[in-house]
Amino acid sequence: MIFNGVEIDDTYAEAFSMLGSRLVITADTLELAMTAATSATGFATSVIGCGCEAGIESELDPARTPDGRPGVSVLIFGVSLSALESQLIARVGQAIMTCPTTACYNGLEGEKEINVGGKLRYFGDSYQASKMLDGKRFWRIPVMDGEFLVQEKFGVKKGIGGGNLLILAKDVVSCLEAAQKAVKAMKKIEGVILPFPGGIVRSGSKVGSTYPFLTASTNTPFCPTLRRQVVTSLPEGVNAVYEIVIDGLDEKAVRDAMGVGLVAICSCDVISVTAGNYGGTLGQYKFFLHEILKNM
């Protein structure tokens, strides 16, 4: 398929099940809320090496937050309930509670719940206090500028990790321009995050390695410098590839993000777009590029 002069590979992005939670972080100013959110989502690009995948979903004006203050919505995904619980407790406790004036609320009604505030409360050294609002428990933990308010339980629902697009271009400049334009469009979709730095991946990976101790290694078929040494997936003229990885709370969110991303990419000077998959061995979700574009 040719879309706006760009070849779209007849393939699909293969994604897999994850568990996701949404945190709503508020503070006296948007700058402080964003500082906490940025810190809480740091080093969370891939479950392969980071334990979770996390990112900032959106800024929230005071009318959309529980306490009427500026806020930021954050999504965090893990591969199991226990893994997600440990990441939430660590990141709320170390990155949000420590930031001036913040509070942290559950932003997701899920099938399951994780006890976050109920475990962080012990930091209060027996001086913590609880309060019930609309049938939900909150904990007030004394800190040096007053109190840190954190909801006791956070909702968890089944999510999707690993939606992706691969952009093939003649050089880094044009490839990066397309990737950045796609990221800007995709970030407007509710319910998704792009967990890698700036939403863009330069070191895409494949499953397995020639080294038995590695479960993943550099995506050799898409490395331009290796095209004469390995079986390559790169047409002549392609000298740069960037990947965009999408995690979402449901299939529609991931599909919508991929759709607006594809349209944005195809408005730029790129050669083709494809997606990463492993023949269905990695995950049960398949996002077909041609189908997504036809429904845009």
Of all heavy-atom pairs between [X] and [Y], which one has the smallest distance, and what is that distance?
{"X": "A13", "Y": "M258", "value": "CB-CE, 3.8 Å"}
{"X": "G163", "Y": "A15", "value": "N-CB, 3.8 Å"}
{"X": "P66", "Y": "V24", "value": "CD-CG1, 4.0 Å"}
{"X": "C50", "Y": "Q87", "value": "O-NE2, 3.7 Å"}
{"X": "F287", "Y": "I292", "value": "CB-CD1, 4.0 Å"}
{"X": "G237", "Y": "N239", "value": "O-ND2, 3.4 Å"}

Hey, any chance [X] and [Y] share a hydrophobic cluster, counting ILVMFWY side chains that come within less than 4.5 Å of each other, even indirectly?
{"X": "M1", "Y": "V6", "answer": "yes"}
{"X": "V156", "Y": "V79", "answer": "no"}
{"X": "L60", "Y": "L30", "answer": "no"}
{"X": "I271", "Y": "L226", "answer": "no"}
{"X": "V238", "Y": "L166", "answer": "yes"}

Between [X] and [Y] (side chain of the first, backbone of the second, donor and acceptor by atom type, cut-off under 3.5 Å), is there such a pair?
{"X": "N219", "Y": "F222", "value": "no"}
{"X": "T35", "Y": "E31", "value": "yes"}
{"X": "K206", "Y": "T218", "value": "yes"}
{"X": "T274", "Y": "D9", "value": "no"}
{"X": "S174", "Y": "V270", "value": "no"}
{"X": "E53", "Y": "F77", "value": "no"}
{"X": "D134", "Y": "K136", "value": "no"}

Practice task
Take K170 and D269 through the side chain to side chain contact (heavy atoms under 4.5 Å, CB included) test and state the conclusion after the steps.
Solution key: CA-CA 8 Å; K170 63 184 178 181; D269 182 20; 2.9 Å; yes
Practice task
Evaluate the ring planes of F288 and Y12, with Trp represented by its six-membered ring, and classify them as parallel (under 30°), tilted (30 to 60°) or perpendicular (over 60°).
Solution key: tilted
So how far is it from [X] [atom1] to [Y] [atom2], rounded to the nearest 0.5 Å?
{"X": "I56", "Y": "L23", "atom1": "CD1", "atom2": "CG", "answer": "11.5 Å"}
{"X": "L289", "Y": "I8", "atom1": "CG", "atom2": "CD1", "answer": "7.0 Å"}
{"X": "C104", "Y": "M97", "atom1": "SG", "atom2": "CE", "answer": "11.0 Å"}
{"X": "N164", "Y": "I246", "atom1": "CG", "atom2": "CD1", "answer": "6.5 Å"}
{"X": "S21", "Y": "K112", "atom1": "OG", "atom2": "NZ", "answer": "11.5 Å"}
{"X": "R121", "Y": "S126", "atom1": "CZ", "atom2": "OG", "answer": "11.0 Å"}

Indicate yes or no: at least one non-hydrogen side-chain atom of [X] is less than 4.5 angstrom from one of [Y].
{"X": "D61", "Y": "R64", "value": "yes"}
{"X": "Y105", "Y": "D67", "value": "yes"}
{"X": "V74", "Y": "R91", "value": "no"}
{"X": "Y242", "Y": "R202", "value": "yes"}

Mind listing the side-chain donor-acceptor pairs of residues 180-200 below 3.5 Å, one per line with the distance, residues two or more places apart or on another chain?
from: K181; atom 1: NZ; to: S267; atom 2: OG; distance (Å): 2.9

Exercise for the section: Given side chain to side chain contact (heavy atoms under 4.5 Å, CB included), test V260 with M296 step by step and report yes or no. Expected result: CA-CA 8 Å; V260 297; M296 286 300 294; 4.1 Å; yes
Problem - Pair K252 + D250, salt bridge at N-O below 4.0 Å - result: no
Practice task
Answer with yes or no whether the side chains of T232 and R227 bring together a donor and an acceptor at under 3.5 Å.
Solution key: no
Exercise for the section: Would you kindly say whether N277 and T11 are connected by a side-chain donor-acceptor distance under 3.5 Å? Expected result: yes
Show me the donor-acceptor pairs within less than 3.5 Å that the side chains of residues 141-154 make with the rest of the protein, sequence neighbours left out.
from: D145; atom 1: OD2; to: T101; atom 2: N; distance (Å): 3.1
from: E147; atom 1: OE1; to: R140; atom 2: NE; distance (Å): 3.0
from: E147; atom 1: OE1; to: R140; atom 2: NH2; distance (Å): 3.4
from: E147; atom 1: OE2; to: R140; atom 2: NE; distance (Å): 3.4
from: E147; atom 1: OE2; to: R140; atom 2: NH2; distance (Å): 3.1
from: Q151; atom 1: OE1; to: N106; atom 2: N; distance (Å): 3.0
from: E152; atom 1: OE2; to: W139; atom 2: NE1; distance (Å): 2.9

Handout entry: Within 6.0 Å of CZ in F3, more than 12 heavy atoms from elsewhere
Key = yes
Exercise for the section: Check the pair N295 / R255 against side chain to side chain contact (heavy atoms under 4.5 Å, CB included), numbers first and verdict last. Expected result: CA-CA 10 Å; N295 291 316; R255 189 178 293 109; 5.8 Å; no
